[in-house]
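For reference, the structure discussed in these notes is given below.
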Amino acid sequence: MKSLSLTNRILLLLAVLTLIPAYFTPLWQISLWAPQYPEGLNMKIWIDQLSGNVDQINGVNHYIGMKHIGVEMFPEFNYLKYVIGAMIGLGLIFFLVGKRWSIYSFLGLLSAFGIAILVDMYLWGYEYGHELDPKAAIKVEGMSYQPPLIGYKQLLNFLAYSGPDTGSWILIGGMGLLILAVYLDWKGK
Amino acid sequence: MKTNKWLLAAGLIAAAIAPGCKPKGAQSAITGDAAAKVYVAPGQHDEFYNIVSGGFNGQMSVVGLPSGRVLKILPVFSVHPENGWGYSEQSKPMLNTANGFVPWDDLHHIAISTTNAEHDARWAFGNANNTPRIARVDLNSFKTVEIIEIPNSAGNHSSPFITQNTEYVVAGTRFSVPVGDNQDVSIDSYKENFKGYISFIGVNQETGEMNLSFQIEAPPFNFDLARAGKNKSHGWFFFSTYNTEMAHTLLEVNASQKDKDFIMAVNWKKAEEYVKAGKGTKKKARYAHNKWNEETHSATSTIMEEVLTLDPTVLKDIVYFIPCPKSPHGTDTDPTGEYIIGSGKLAAIIPVFSFTKMLAAIEKKDFEGDIQGMPVLKYESVLHGEVQKPGLGPLHTEFDGKGNAYTSMFVSSEIVKWNIETLEVLDRAPTYYSVGHLSIPGGPTGKPHGKYLVAYNKITKDRYLPTGPELAHSAQLYDISGDKMQLLLDFPTIGEPHYAEAFPASLIKDRQVKFYPIEKNNSPYALKGINDARVERKGNQVHVYMTSIRSNFRPDNIEGVQVGDEVYFHVTNLEQDWDVPHGFAIKGANTAELLIMPGETSTLKWIPDRVGVFPFYCTDFCSALHQEMQGYLRVSPKGSNVSLKYSTGASE
């Protein structure tokens with residue numbers, strides 16, 4: 001296989017480096033607005049913790065019998081930092097190897113990771129949204145109150161939003177660099 | 001013909017006395033844009049906070065300007081059943097005095113803290129007129145956090161005025177009284193045995209904590225109001241006096257005999273030096289010092305035993321007297337600190353004194369006499385000039401920062417605007433009716449914001465829909481940004497406002513406490529979570545450690561309490577969100593409710609005097625299931641064998 005151009009090697013390295021902010025910045029955010037919460041309730045999901053108005057969101061959710069949201073509920077918070085560490089390691093190997101397949105492989109890896117994360121979040125959302133306590137004060141119609149995976153959704157009096165936060169946006173930028181590398185690679189062929 | 005003449009004469013007489021011929025007084029002219037100027041659209045905020053004394057309700061009101069809307073009644077010296085102030089076990093010590101628990105007082109004046117003679121709005125001070133005290137309110141939480149009693153004082157009216165960096169807050173006594181071991185004296189012996197103490201209360205620059213630093217033993221005059229010097233007159237304090245006749249009966253007549261009373265000028269920097277040099281005398285005096293702790297959510301009251309006094313008849317250069325016509329009420333210093341304005345209630349002019357001239361007169365010993373060895377300056381030597389024909393009954397003066405003064409005229413019921421330098425009257429506007437204090441944003445400071453003026457009136461009569469014999473006190477808002485004052489708005493007030501101060505909302509609105517972090521709650525009765533809820537018996541005391549969170553109490557079923565037990569409900573509001581207080585009330589309790597802020601712990605004491613099952617519930621509509629936030633407590637006869645038990649949601 002052919003070696004990578006210098007430009008693409010740099011783009012690959014930059015893309016690998018965009019994984020590092022995941023350790024210092026929130027990756028995902030969930031926001032809720034209601035007439036009584038004009039300032040909004042906001043929860044941020046980090047690599048190994050939750051921050052923001054988690055208590056208030058739990059307080060509101062208990063009326064419909066939703067399970068308590070807490071760091072201890074999610075095993076992902078224990079291993080996500082190693083998964084991302086491994087990806088950085090693999091990315092660096094790809095960079096050192098410096099073959100054309102390196103960029104395709106790393107793009108594939110990132111895409112697979114992103115899809116896995118979304119599937120994981122959907123499953124958690126499904127579980128939280130459907131395993132409602134039947135003795136709760138408010139019985140939600142159809143006993144389903146699933147938050148949106150991405151974007152906005154009206155849930156009773158709340159408008160809910162779910163979307164990437166700083167760390168993920170940087171990572172999406174990294175994927176953009178890889179796509180640029182792929183494009184340059186095709187053009188140069 | 002004869003009949004016609006008679007008819008003509010009768011007609012003329014009728015016309016002469018017809019109401020239409022009564023000379024017109026000053027009319028209120030409301031121009032078209034007044035409504036727009038005071039309209040604060042839904043969801044918008046007022047530009048200024050106005051902290052308004054409540055007078056005989058012992059509280060402060062928080063009013064927004066220009067809308068005139070009341071935002072909060074803030075309990076200070078009076079119990080406030082609506083939020084448990086003075087009823088909860090934690091807040092009772094705040095109202096303790098050397099005379100024991102006092103549930104009421106009369107709060108007249110507000111002082112907003114300043115730095116370099118400009119509002120920093122960290123604290124609001126208020127005076128208790130009847131049982132002399134000064135309170136400090138934290139403007140981040142709008143809560144009374146400290147109250148200090150003033151010994152040797154009676155009628156704490158000349159208070160709580162502050163120095164330009166809030167170094168001191170003062171308390172001049174309105175009544176002179178006998179003090180110390182010499183209190184059982186004939187009232188006739190006023191001149192020999194009565195003293196007029198002026199107190200300087202030091203304020204800690206970081207924490208705001210007050211400490212009675214020293215008292216000056218002044219002659220037995222009546223001290224009315226006061227203002228600190230500022231900028232060039234920083235270091236001095238000016239107190240108005242009346243009854244320099246030293247009468248003790250029918251003061252209305254006997255204290256109005258002299259043509260001139262005094263403004264007492266106090267060189268407090270000099271007094272400070274004497275204190276440092278150990279020239280003060282420690283005297284026995286009992287007074288309470290009460291402090292609120294925002295982490296234990298409770299107050300402590302300490303009885304102090306001693307006070308440091310300075311004798312100005314021995315320690316020279318502290319006290320000088322400036323003659324001022326006819327029982328001066330307000331004494332106000334202009335933003336530069338150069339001019340001191342004395343408002344003689346019965347005077348035909350307003351004298352304006354010059355600080356520079358005062359210093360020169362002291363330097364040259366330009367005295368016309370002395371009082372017990374304290375120099376009396378010559379009126380003419382200190383006078384900058386007199387405002388001629390200002391109106392009748394001048395009381396108080398505020399400033400707009402553009403060289404103008406505004407004086408309230410009680411008798412002629414108007415506000416008079418005049419130029420401080422030229423003493424020329426520029427404008428006058430009627431008030432409805434009989435204005436007392438004035439309030440301009442930043443008005444008493446070195447940096448007035450001008451723009452608005454509020455007149456706090458003493459008489460209301462027909463201004464609002466009538467409500468029987470007792471009426472709300474009226475206030476009027478004027479636009480003072482132009483050459484002429486423009487009346488914009490009438491608004492009713494709470495209690496009887498005397499003085500008020502206003503400052504830009506931007507100073508404090510972004511630093512408001514929204515809730516108390518539960519992890520910092522150091523109350524010995526605090527619960528950090530629902531699992532800690534419990535009931536414990538200690539002899540005849542039953543302690544209910546209870547949590548409240550939307551929307552349940554834990555525990556909410558309690559049995560085993562007996563008639564005559566002392567039951568303490570220690571309720572912790574576990575919420576950690578803004579604007580989610582919970583209340584607590586139990587049937588038949590001879591006290592008030594608790595209103596508990598998020599993260600706070602508060603205690604209600606109850607001694608059941610009869611057998612029964614007593615409901616309790618949350619009094620603050622907290623959620624859609626607020627009405628379900630309730631419980632029962634069973635009271636059995638004394639000596640009953642019903643065992644103590646408690647639960648929440650256990651039995652089905």
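Every chain is numbered from 1 and lettered A, B, ... according to where its sequence line falls, protein lines coming before strand lines. Every heavy atom of this structure was used, including side-chain atoms; hydrogens, water molecules and symmetry mates were not.
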Other residues, nucleotides, ligands: >12 heavy atoms within 6.0 Å of A:Tyr122 OH: no
Between B:Arg550 and A:His62, which heavy-atom pair has the shortest distance, and what is it? O-CE1, 2.8 Å
Around atom OH of A:Tyr126, are there more than 12 heavy atoms of other residues, nucleotides or ligands at under 6.0 Å? no
Can you confirm whether more than 12 heavy atoms, excluding those of A:Phe113, are under 6.0 Å from its CZ atom? yes
Give, for atom CD of B:Gln576 and atom CG of A:Asn53, the distance between the pair rounded to the nearest 0.5 Å. 11.5 Å
More than 12 heavy atoms of other groups within 6.0 Å of B:Glu628 CD: yes
Can you tell me how far CG of B:Asp577 sits from CD of A:Gln36, rounded to the nearest 0.5 angstrom? 11.0 Å
